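Heads up, the thing below is written out as structure tokens.
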Amino acid sequence: MSAAASAEARLLQVALVGNPNCGKTALFNLLTGARQKVANYAGVTVERKVGVLPLSDGRSVAVFDLPGTYSLTPLTPDEEVTRDVVFGRRAGESAPDAIVAVVDATNLRMNLRLVLELRSLGRPMIVSLNMADVARSRGLQIDVARLSAELGVPVVETVAVRHNGHAALRAEIERQALRFGAAADTAALPAAVAPAPTTAELQREVRRILAVAAPGALQFERFDHRIDAVVMHPVWGLVLLATLLFLIFQAVFSWANLPMDAIKDGMAWLAEQTTARMAEGPLRSLLVDGVIAGVGGVLVFLPQILILFFFILLLEDSGYLPRAAFLLDTVMGKVGLSGRAFIPLLSSFACAIPGIMATRTIANWRDRLATIMVAPLMTCSARLPVYALLIGAFIPARDIGPFNGQGLTLFALYAAGVLSSMAVAWLLKRFWMKSSYQPLMLELPPYRLPSLRNLGYGLWERARIFVRRVGGIIFALTVLLWFLSSYPAPPEGATGPAIQYSAAGWLGQALETVFAPIGFNWQISIALVPGLAAREVVVGALGTVYALSGSEDAVADTLMPVIASQWSVATAYALLAWFVFAPQCLSTLAVVRRETNSWRYPVLMASYLFALAYVAAFITYRVALALAG
Ligand SMILES: Nc1nc2c(ncn2[C@@H]2O[C@H](COP(=O)(O)OP(=O)(O)OP(=O)(O)O)[C@@H](O)[C@H]2O)c(=O)[nH]1
Ligand SMILES: [Mg+2]
């Protein structure tokens with residue numbers, strides 16, 4: 001296909017390029033109506049995202065959001081993504097028709113270097129002077145017209161966190177769109193039009209431009225060092241971090257009671273109504289034992305997940321996270337992890353998948369691989385329903401001193417994940433992937449009051465993801481399990497519950513031989529099989545299995561009291577220990593395969609995690625039995 005023909009066929013393409021954390025994604029979301037993740041630290045975006053900006057003349061522009069980068073010479077895999085898009089080096093793609101260089105107006109000295117580098121490519125370009133609100137409120141004067149004249153490209157001010165804060169940029173894109181189209185026959189772009197300027201040259205040029213367009217920027221103070229004196233203090237900083245984490249786990253249990261009870265009551269009412277209004281038969285059982293007991297049983301945990309994310313989002317938006325990374329850099333360095341691993345590992349508390357993708361910000365391959373290998377040990381939010389179910393059933397809610405015992409147990413489980421990840425990392429780096437310690441280089445963002453809009457979107461997004469999982473994979477697997485647990489039907493004159501004669505019952509009893517040494521009964525063994533796909537499925541599966549094992553006419557009771565009366569405490573603890581380690585998530589393994597480009601690492605990961613899970617559950621079970629006996 002000739003370049004001209006492809007330019008006809010495709011949309012105009014504009015790429016947002018800029019330093020990390022300057023607000024590219026926030027602008028992208030405003031321009032295209034997308035809901036990509038925005039947070040106050042460098043390295044949030046690690047892949048290319050596309051959105052569509054409709055123009056008033058009926059045409060549309062494809063907008064690319066890209067990982068932040070300091071220059072066009074990449075040091076990390078995420079920066080490579082940006083370079084490849086800018087130069088049109090991705091397979092089957094040409095270079096974008098125009099570049100929107102996004103700069104943080106409060107950090108011009110650093111940001112303008114990349115702008116100059118981009119300008120030397122000789123492409124249509126607009127500079128978006130973002131964070132104009134912060135610059136103004138801090139009294140930084142920028143002569144926009146002069147800056148534009150010096151750079152030789154249009155410059156517009158934007159505030160990407162304000163409704164319509166992108167209006168000027170949008171208008172400029174409209175105005176320039178025709179020109180972009182004319183320049184679109186640059187499908188395969190030469191590396192640079194002019195010889196690339198050296199860093200020293202760039203620096204000199206930045207100083208010269210700032211001296212005339214924004215003299216205040218040369219000594220502009222972006223930080224509040226008084227806060228950092230406490231937050232990054234080697235002792236007080238750690239005390240603060242520990243207190244924060246601790247409070248979060250307390251809140252997950254103490255705040256969630258009301259909404260959880262409401263959902264539980266709703267489900268019980270639904271089950272009662274369905275039982276009362278439908279004739280007995282397979283359909284009623286599918287609805288009550290399969291859908292309501294199974295899927296509804298997982299939905300109950302939505303409030304706890306949202307409370308956890310409420311705090312994660314607050315931390316992400318405040319600017320605190322990179323500071324915590326510096327605090328823990330020495331600890332991470334001792335086990336051989338790069339300080340850069342902190343944010344990927346922390347993201348893994350939400351889900352290992354974005355965590356593993358975020359390792360693209362780690363330059364050294366061995367450091368990156370070690371981080372990927374331990375990321376699934378961080379307690380992802382899919383474990384929360386499992387933990388909460390078992391804690392709710394087996395740990396009394398009474399207070400231990402000022403603390404809630406259930407919150408304390410949850411904290412211990414998270415701590416077990418973190419400590420074992422450190423231990424595994426230490427072993428990996430010591431015996432397999434040696435690399436020397438590299439001091440942490442990470443840009444500190446300024447502190448910011450978390451924006452309510454971000455928080456609202458973030459929570460909404462989380463709720464949507466969770467409900468979609470419940471309605472998708474969890475629903476499908478629970479229904480499948482209902483079938484396997486109901487058929488073949490029991491023979492004439494059978495006495496026990498029907499599930500014992502079904503395919504799933506048969507499988508559970510076969511698996512029990514493997515799991516009996518670690519204290520799992522046949523019901524748990526059944527539930528673990530569909531739970532290989534995703535962890536929360538185990539909760540739904542247990543709901544269905546127990547609903548089907550109950551006496552014929554009893555209305556499906558909620559799962560918690562049932563397991564509390566039927567399992568030993570040792571079994572419950574062993575299952576908790578199992579879930580700290582077990583790699584029960586196929587999507588994580590698939591992402592490891594993609595990011596490492598090899599089957600070797602996901603296979604290795606699954607094997608070591610299963611082995612750890614079995615050993616940990618075994619020890620826990622035996623110790624708990626011995627203590628109880
Ligand atoms: N006050 C203010 N805050 C902004 C503005 N634009 C972005 N932010 C905040 O700046 C932080 C970074 O925004 P992002 O959009 O994630 O930045 P990014 O450039 O995509 O960052 P990376 O993906 O890490 O390269 C977030 O906390 C935003 O809420 C702005 O114009 N004004
Ligand atoms: Mg971004």
Side-chain angles (χ1 to χ4, degrees), residues 15-32 34-51 63-71 74-83 85 100-108 110-111 114-115 127-138 140 142 156-169 222 312-322 325 340 343-344 346-347 354 357-362 442-458 461:
L16 300 174
V17 187
N19 283 183
N21 207 37
C22 65
K24 298 175 295 299
T25 305
L27 269 180
F28 174 79
N29 287 347
L30 281 180
L31 287 167
T32 65
R35 294 279 172 81
Q36 291 301 324
K37 179 170 168 164
V38 167
N40 189 14
Y41 57 85
V44 180
T45 309
V46 293
E47 37 173 8
R48 189 201 71 155
K49 295 282 178 188
V50 197
V63 181
F64 296 144
D65 183 24
L66 297 172
T69 182
Y70 294 103
S71 83
L75 297 173
T76 55
D78 61 325
E79 293 179 353
E80 275 166 27
V81 172
T82 302
R83 186 225 21 218
V85 170
V100 172
V102 184
V103 301
D104 174 349
T106 67
N107 196 10
L108 288 174
M110 174 102 130
N111 281 229
L114 178 64
V115 175
V127 171
S128 166
L129 202 55
N130 196 39
M131 313 244 181
D133 57 331
V134 190
R136 197 159 305 138
S137 75
R138 308 271 295 273
L140 176 63
I142 303 172
V156 292
E157 290 189 74
T158 52
V159 182
V161 287
R162 195 173 292 159
H163 177 71
N164 245 346
H166 66 307
L169 175 61
R222 296 171 70 225
I312 294 185
L313 290 169
L314 278 188
L315 289 182
E316 282 184 346
D317 227 14
S318 64
Y320 177 69
L321 294 186
R340 280 256 168 167
I343 285 176
L346 200 90
S347 314
M357 303 220 3
T359 62
R360 290 182 181 184
T361 56
I362 302 175
L442 193 63
E443 200 183 339
L444 285 187
Y447 287 108
R448 247 196 279 283
L449 268 187
S451 107
L452 279 182
R453 184 195 165 96
N454 256 356
L455 193 65
Y457 280 152
E461 201 53 29

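Every number for a ligand or one of its atoms is a count from 1 in the order of the listing. Just so it is clear, the model here is predicted, and its values are computed rather than measured.
Looking only at distances, a side-chain donor or acceptor of R360 sits under 3.5 Å from a matching main-chain atom of V46. No donor-acceptor pair under 3.5 Å is formed between the side chain of N454 and the backbone N or O of A39. In terms of modelled atom types and a separation under 3.5 Å, the side chain of N21 and the main chain of Y41 share a donor-acceptor contact. The closest donor-acceptor contact from the side chain of N130 to the backbone of A160 lies under 3.5 Å. Between the R448 side chain and the D317 main chain, no donor and acceptor come within less than 3.5 Å of each other.
Neither the backbone nor the side chain of D65 comes within contact range of ligand 1; no heavy atom lies under 4.0 Å. At a heavy-atom cutoff of 4.0 Å, ligand 1 is contacted by the backbone of A42 but not by its side chain.
Listed by number with element, the atoms of ligand 1 under 4.0 Å from a non-hydrogen atom of Y41 are 24 (O). Of all atoms in ligand 1, listed by their number and element, those nearer than 4.0 Å to a heavy atom of G68 are 25 (O). Close contacts of ligand 1 with V44, meaning ligand atoms under 4.0 Å from a residue heavy atom, involve 22 (P), 23 (O), 24 (O). Ligand 1 places these atoms under 4.0 Å from at least one heavy atom of N454: 29 (O).
In terms of protein heavy-atom proximity, atom 26 (C) of ligand 1 is closest to V38 CG1, 3.6 Å. Shortest contact from atom 9 (C) of ligand 1 to any protein heavy atom: R448 NE, 3.6 Å. For atom 27 (O) of ligand 1, the closest heavy atom belonging to the protein is D317 OD1, 3.0 Å. Ranking the protein heavy atoms by distance from atom 12 (C) of ligand 1 puts N21 OD1, 3.0 Å first. Scanning the protein heavy atoms around atom 25 (O) of ligand 1, the nearest turns out to be K24 NZ, 2.9 Å. Closest protein heavy atom to atom 4 (C) of ligand 1: V161 CG1, 3.5 Å. Atom 23 (O) of ligand 1 has its closest protein heavy atom at T45 OG1, 2.7 Å. Among all non-hydrogen protein atoms, the one lying nearest atom 20 (O) of ligand 1 is T25 OG1, 2.7 Å.
A pairwise comparison of heavy atoms in K24 and L16 identifies O-CD1, 3.5 Å as the closest pair.
P74 has its side chain out of reach of T69: every pair of non-hydrogen atoms, C-beta onward, lies at least 4.5 Å apart. Side-chain contact between E79 and T82 is absent, with no heavy-atom pair separated by less than 4.5 Å. No side-chain heavy atom of V100 sits under 4.5 Å from any side-chain heavy atom of V17. When side chains are defined from C-beta on, N107 counts as touching E443, because their heavy atoms get closer than 4.5 Å. Between N19 and D104 the shortest side-chain heavy-atom distance does not fall below 4.5 Å.
By the side chain to side chain donor-acceptor pair (under 3.5 Å) test, T25 is found to be paired with T45, D65, residues two or more places apart in sequence or in another chain being considered.
Each of V159, V63, V102, V161 was evaluated against L27; a single residue qualifies, V102, per the side chain to side chain contact (heavy atoms under 4.5 Å, CB included) test.
Of the options N130, L449, I343, D133, the smallest heavy-atom separation from atom 32 (N) of ligand 1 is shown by D133. Nearest-heavy-atom check against atom 30 (C) of ligand 1 across P446, S451, A160 picks out A160. Of the options C22, S318, G23, S128, the smallest heavy-atom separation from atom 13 (O) of ligand 1 is shown by G23.
Residue V134 places no N or O, backbone or side chain, under 3.5 Å from any N or O of ligand 1. The shortest N or O to N or O distance between P67 and ligand 1 is not under 3.5 Å.
At a cut-off of 3.5 Å, with distance as the only test, a side-chain donor of S128 or T158 sits close to an acceptor on the other residue.
By the 4.0 Å heavy-atom criterion, G43 is counted among the residues contacting ligand 1. At least one heavy atom of A39 lies less than 4.0 angstrom from ligand 1. Within the structure, ligand 1 lacks F28 among the residues with a heavy atom less than 4.0 angstrom away.
Protein contacts to the Mg ion (ligand 2) involving N, O or S atoms at a distance below 2.8 Å are T25 OG1, T45 OG1.
Other residues, nucleotides and ligands place no more than 12 heavy atoms under 6.0 Å from the CZ atom of R162.
For K37 and E316, the salt-bridge test passes: some basic side-chain N is under 4.0 Å from an acidic carboxylate O.
Distance NZ/K49 to OG1/T32: 11.5 Å, rounded to 0.5 Å.
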